[in-house]
Number of protein chains: 2
Amino acid sequence: MMTKWVYSFGQNLTEGAADARDLLGGKGANLAEMRRIGLPVPPGFTLSTEVCTWFYAHDHSYPPELEAQIAAAIARLEEETGMGFGDASAPLLLSVRSGARDSMPGMLDTVLNLGLNPARVEALAKRSGAPRFAWDSYRRFIQMYSDVVLGVDHGFFEDALEDMKAARDVREDTDLTAADLQNLTEQYLAIVAAESDAPFPETPNEQLWGAIGAVFRSWMNPRAETYRRLNHIPAEWGTAVNIQAMVFGNMGADCATGVAFTRNPSTGANEFYGEFLLNAQGEDVVAGTRTPRPLAEMKNAMPDVYNALSAVRATLESHYRDMQDIEFTIQQNKLYMLQTRSGKRTGAAALRMAVEMAEEGLISREEAILRVDALMLDQLLHPTLDPKSEKQLFVRGLPASPGAASGQVVLTADRAEELGMAGQKVILVRLETSPEDIHGMHAAAGILTARGGMTSHAAVVARGMGRACICGAGDLVIDAEAGRIKVGDQQINEGDIITLDGAAGEVYLGEVATLQPQLSGHFGTLIGWADAVRRMKIRTNAETPQDAKIALQFGAEGIGLCRTEHMFFDATRITAMREMILAEDTDGRQKALDKLLPMQRQDFIELFDIMAGLPVTIRLLDPPLHEFLPHSVEEMAEIAKQAGLQFEYVRDRAAQLRELNPMLGHRGCRLAISYPEICAMQARAIFEAAAEAGKKNAKPIDVEVMVPLAATAHEFTICREIIDATAKAVRHESAQELRYMVGTMVELPRACFVADALAAEAEFFSFGTNDLTQTALGISRDDAGQFLRTYTDAGIYARDPFVTLDIEGVGALVKMGCDKGRTQRPDIKLGICGEHGGDPDSVDFFEACGLDYVSCSPYRVPIARLAAAQATIRRQKK
Amino acid sequence: MMTKWVYSFGQNLTEGAADARDLLGGKGANLAEMRRIGLPVPPGFTLSTEVCTWFYAHDHSYPPELEAQIAAAIARLEEETGMGFGDASAPLLLSVRSGARDSMPGMLDTVLNLGLNPARVEALAKRSGAPRFAWDSYRRFIQMYSDVVLGVDHGFFEDALEDMKAARDVREDTDLTAADLQNLTEQYLAIVAAESDAPFPETPNEQLWGAIGAVFRSWMNPRAETYRRLNHIPAEWGTAVNIQAMVFGNMGADCATGVAFTRNPSTGANEFYGEFLLNAQGEDVVAGTRTPRPLAEMKNAMPDVYNALSAVRATLESHYRDMQDIEFTIQQNKLYMLQTRSGKRTGAAALRMAVEMAEEGLISREEAILRVDALMLDQLLHPTLDPKSEKQLFVRGLPASPGAASGQVVLTADRAEELGMAGQKVILVRLETSPEDIHGMHAAAGILTARGGMTSHAAVVARGMGRACICGAGDLVIDAEAGRIKVGDQQINEGDIITLDGAAGEVYLGEVATLQPQLSGHFGTLIGWADAVRRMKIRTNAETPQDAKIALQFGAEGIGLCRTEHMFFDATRITAMREMILAEDTDGRQKALDKLLPMQRQDFIELFDIMAGLPVTIRLLDPPLHEFLPHSVEEMAEIAKQAGLQFEYVRDRAAQLRELNPMLGHRGCRLAISYPEICAMQARAIFEAAAEAGKKNAKPIDVEVMVPLAATAHEFTICREIIDATAKAVRHESAQELRYMVGTMVELPRACFVADALAAEAEFFSFGTNDLTQTALGISRDDAGQFLRTYTDAGIYARDPFVTLDIEGVGALVKMGCDKGRTQRPDIKLGICGEHGGDPDSVDFFEACGLDYVSCSPYRVPIARLAAAQATIRRQKK
């Protein structure tokens, strides 16, 4: 069978349709579709994306059948238009445009007015009765074709045009006469003769093949390659080529060209929104040489056409059931549609349109849910920089936590707290942050670090607190002693103001105006619909009362990760914690633990009270103990004094505990196994608090005790025995019913391989995808800043794997963990508490794994709610 | 069907055999076997290990059929011996002994002379005509039974015996009269009455059930549990109980008891080797109250019996085809065999016996290969501490590299080199070592570190160099400034002598005498046989000419891992390396790389020359760059001066490069991707060297260029393109044929998951099981010292996973990597270059995976050769 390469759209034959996007590209498919639904589209045909593939597979040549198929399609155009492509008396002119599967605006090449030569331009002038238009079209064609096909710099032509305008003393192109333009075309052809190896082709057919080749070749030009890489578009897709009878917006005052959106793409308001230019071709809008007029003015300028366009708007919205971004041309008061596609929109607009379209009955609620990019909700939950303000970039880093914030640079957490308490806005700038900086981070409006990736300590804590944060600004050098920071030669002193754009990862000098978030009623409506369909529960990672409350407001259905160690950094507690660490034996440790017990119990009581019966997962102490010890000699001396110990002892113990790779060190359940008394104290605090809170609550608190970092079932069992024994004791002492589960955080590759054995002992798994990513990929999230941007730029990882789950590697481990776990315990409760819990693409994968819940930082809860609903819907469709 | 619980061995019925070891335990199976081959074994029967299992599953009770089966077995004993168990006139006495599947010497309980009471002891005296013997037996029985079954401290009885000996003024038990012993039994029974809740049982049947219960209960006593844990014996196995007619070595001067080995277990010499005691029971040998005489003396003392025993020796060796460890008793000049089992032996003895038995035709060469524990070869390749010398322990650590070494304590590498050059023996003591310490490690006789595990830098380098090394001596505190080290209160100054026992992980004060290794001809013979059968190739991890030469002498068949970074630490090179790291841009880096190129090329030329055509795998730069920079302010200032840079710049750059978790940092192929010029320089050095060496060699050098730490196919491809382009250039420039492969080191979990995609691009995989263990288990080998001993002691990991591959986790990843790799490239070359390449159990697993080769440190090559042969044989048998 002969392969079909060419698809016509026109009066007698329309072969494509909207669903043929992969074959015909977005533009080609929609041109055919508009033709099918009776909209005024100039006739034409599309060379399929398969021609592009053939072209690149065969050394820039064409399939043998192509020529005949194009000839047949042109014959159909000639028949419909009554003009001839080879005919000089009624010259058929063509546009040749690219059209990829996904829109790649401005990246590929286009040629308009194709088919003109000196003889045909005269005929066009005569036939149209508009010589100025004819010569203008020819001039445009020579410039465009020479630039795109022959590689002549368009600057030459622009200079000639400017010279002509100067010579004629006019401001606008439209003020030039037909004679001027004819003169200009002669100059243009002379330029081509001088600058190009090839002469300017005379015959329409030669011109057509030149243009087709240029469009296909433009698929591989550097800017297209870059765009594809950044937008994850495979090179294999190829582009289609759309060849269409020209219509002219530049024939006179009854002509125009324009672009419009069927709704307002910024606000989402249901209003017709766009711009048009009288007597112009499309490139005039793009070039910015003339200022287009708002579409509303067309109502007066061309009332009939405006009405026709409004009708088209209604038709398109009801047909496509989405906001459309359209291009049109008006030739002598007749409207022609040149393009339609779903329009890009802001987060706020997407939200409003989705809700309103559903309420209008245009789409279903499920469709409305799918229409909103969950990540865009983030824009709505945080302040943003005012786009109108002036900005001077200081340094770039990773967009670790969204939000815009300005404030004085401070270099220590203590100073941040001090100024923060005094009511000043500060930006805490650190090489990296550690748990000791928490009070300063809390006091700051934003956090900037020189090191660390998207899930470094600073990033995780900042997201949890809803602070703007930029991490891993590798060019930033911090000179804490001198009280200044610098990037190259540019230097900023402590106290100077900077502004962070957390969503963009950009730091600006001075104060930049910000806009406060507006949580409209549409937000509540949509998220309500989402909650009604989603299968997975959404929990939050929180340990402070404040975070827990915020998360509840955002709709969290429980705590999926309470990091108990965060409760030990408070000034009154760190002392007892350090005593515990510095103790010489179990007795000494026990004494210090006895001091910590009531504090930790009180924390849990508060948390249980706030969560009011929702499930709470509490993770046992996870970080290595040295994280709680100070590093400077002065601080060590101070601690030695407080604890009544020799300075040398404190120093030696700190040195003993220090680790080369703390991430892979003495942490997680390894601590509980080395020091069972720590595990016992925490279990006691948890159960005593549950007993206490249970008394107030109508029913027992659902506690989930989580053992971190288990890689073997044996480790888990050792911890579980301590926990169970403690629960038994507390149950007895308090005479309260206790309802609890013991599970493990699955965060090491080995744990996934032995998940069956683990599940035989553990009642739930919570995948710790942060650490699982670190270990599976061998990338420290704190150090990744050095190379991760290079990696994502090179496409080695399509996205930052700490932001979006690496499905091929880490995802395969999660899947293995789920599958193996279920073999031993079919109803095992499965969740995830890494940062990926708030990332929509990752949430989609977790839905596919059948997890029971995802847990994320409080500010991500709404995103996760929407993303989970979308994932449910997508899965149901399959 | 009635379950069979009891298995007889005797004149009329022998139900067990050697192959019933699981059911009857080692002792029971071999008693039956000896009986089968006609050796003089007192009749008896065995309660199977299944009784033990039943006993623990049923709350310490017995299967209902047991009683009748025991009664039937006793009836057979009575028939054969002509004595009666219930009969007071011809009293049948029994021994009741444990007997587990694997020997657990001394861990379980035993009761001898069972069946005596006042009436029967009189009958025994009368019937034997030896009243002294009768009362001595009764005395022994009361003591043993009371201790084992009734829980009376044996000290009471020993005190009474001593008092009696003092009262009679005699030295030996044998000097006490029958009356004395009768008196003593009365005292003993009084002790039991006073100390035990239960009275001493009178009837033989009661006594028998008491003894059976005690033996079964002893299976779970704490010392047995500990022994099982240390020897990896599952508790489920249980013990059998062997009940046998007593024979008596204590009836007079024509009686004796003894133990012997059919060959010398220390040297392996084919000589009868053992000890005996006249007029004694077995426990006298164990208790050490009398000194046994060498077996050779029996030739004169009891010539007939000695001849009979010699005949038994020959029979057992030819029957069991292995050296036997036997127990015997001589009753009135008649020989009785009480036990035989394969004897434990030293490494040297195992080697000699295996070779000689094969040469004698007793066993096949393959059996000989399997007889030698490959790990024991290590003993033969290094000096050992003289076991006769006095030792005072200073501290314990991990046995990181075998060998014994004494020398002065030095605390810096420079000082070690200085003294080493002056011909002094030194032990380098460091908190941990870094690549900068290499010269000092080389100059030292041994290395001791306070931190780090079995595969820390110090351990890996020391094993490679064949230096004794003890790592992770956590109790050791190093005060470098004061020039001393201490453990608790014990302090040692720089310059004091210490001795390391690398194989035991023990450090002693002062100098301890050592024995030099003797590589006997048997070693060469056996390893030759091994080479003839093994399938896998054995390569070595080496980069210095010295290591490569040693490895070749040890039989390495190529280099599996040449770590190029080790070539940069030399004083002349580190400067250029640092210049490269500190360069501000690509040009600066290129200038420094141009200096490094000729040095690195020269290294490779030497290596290729030494390896003379054997394949060489060269890994591109792997460690993070900061490892090459100094940490102290003084050194940084020095470097800044040398390089003509600002001190602040050097300090800032060093700070920028520093990492929290360097193991998961900017290293491996990430460096090649960030700085392609480094990769290009190394590729050029490799290929230019190969071209150069290829000229001298008859045929081109087989070079395998290895890209480290790839987790995605994309990373590999980026590196491969640089390498291929460089090879093309060098081929052109040198006009030399180059034969090379490009492959990757599979050392991240993700790499195993995408091994199919990797194999599409990579021609070989070398599994880096060190890093794969670190990432799969989430354990930093440098920090594991803090908890890994706790972990192996608790049985969480059966062995140190950095020594023996964790098959369940890391092994599953290796297997996945092999399987997925082969789907894309069925003939992909597969190897392993982690430390596990020299561990026999791991090698066995690698054989199962079908790897082409293992690569290990030079001193491990002989072990790997033998282990690989054993693995081949085992696999063929399956």
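Note that this is a predicted model, so its numbers are computed, not measured. Computed over heavy atoms, backbone and side chain alike; hydrogens, waters and symmetry mates excluded.
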Any salt bridge between [X] and [Y], counting N to O under 4.0 Å?
X        : Y        : value
B:Asp800 : B:Arg781 : no
B:Lys815 : B:Asp819 : yes
A:Asp479 : A:Lys486 : no
B:Arg589 : B:Glu584 : no

Heavy-atom cut-off 4.5 Å, strictly under: side chain, backbone, both or neither for [X] against chain B?
X        : value
A:Arg658 : both
A:Ala812 : both
A:Leu813 : both
A:Glu747 : neither
A:Asp806 : side chain
A:Ile478 : neither
A:Arg670 : both

Between CZ on residue A:Phe647 and CG on residue A:Asp652, distance to nearest 0.5 Å: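 So the CZ of A:Phe647 and the CG of A:Asp652 are separated by 9.0 Å.
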
What distance do A:Asp475 atom CG and A:Gln490 atom CD have between them, rounded to the nearest 0.5 Å? 12.0 Å

Let's test your reading of the structure: which of [options] forms the most heavy-atom pairs below 4.5 Å with chain A?
options                                : answer
B:Arg651, B:Arg451, B:Met663, B:His666 : B:His666
B:Gly665, B:Ala711, B:Pro662           : B:Pro662
B:Val810, B:Leu476, B:Leu657, B:Thr717 : B:Leu657
B:Leu772, B:Leu660, B:Thr790, B:Thr775 : B:Leu660
B:Gly809, B:Ala713, B:Gly778           : B:Gly778

Would you check if B:His836 and B:Phe845 make a side-chain contact, meaning some heavy-atom pair closer than 4.5 Å? no

Is there a donor-acceptor contact under 3.5 Å from the side chain of B:Thr792 to the main chain of B:Leu788? yes

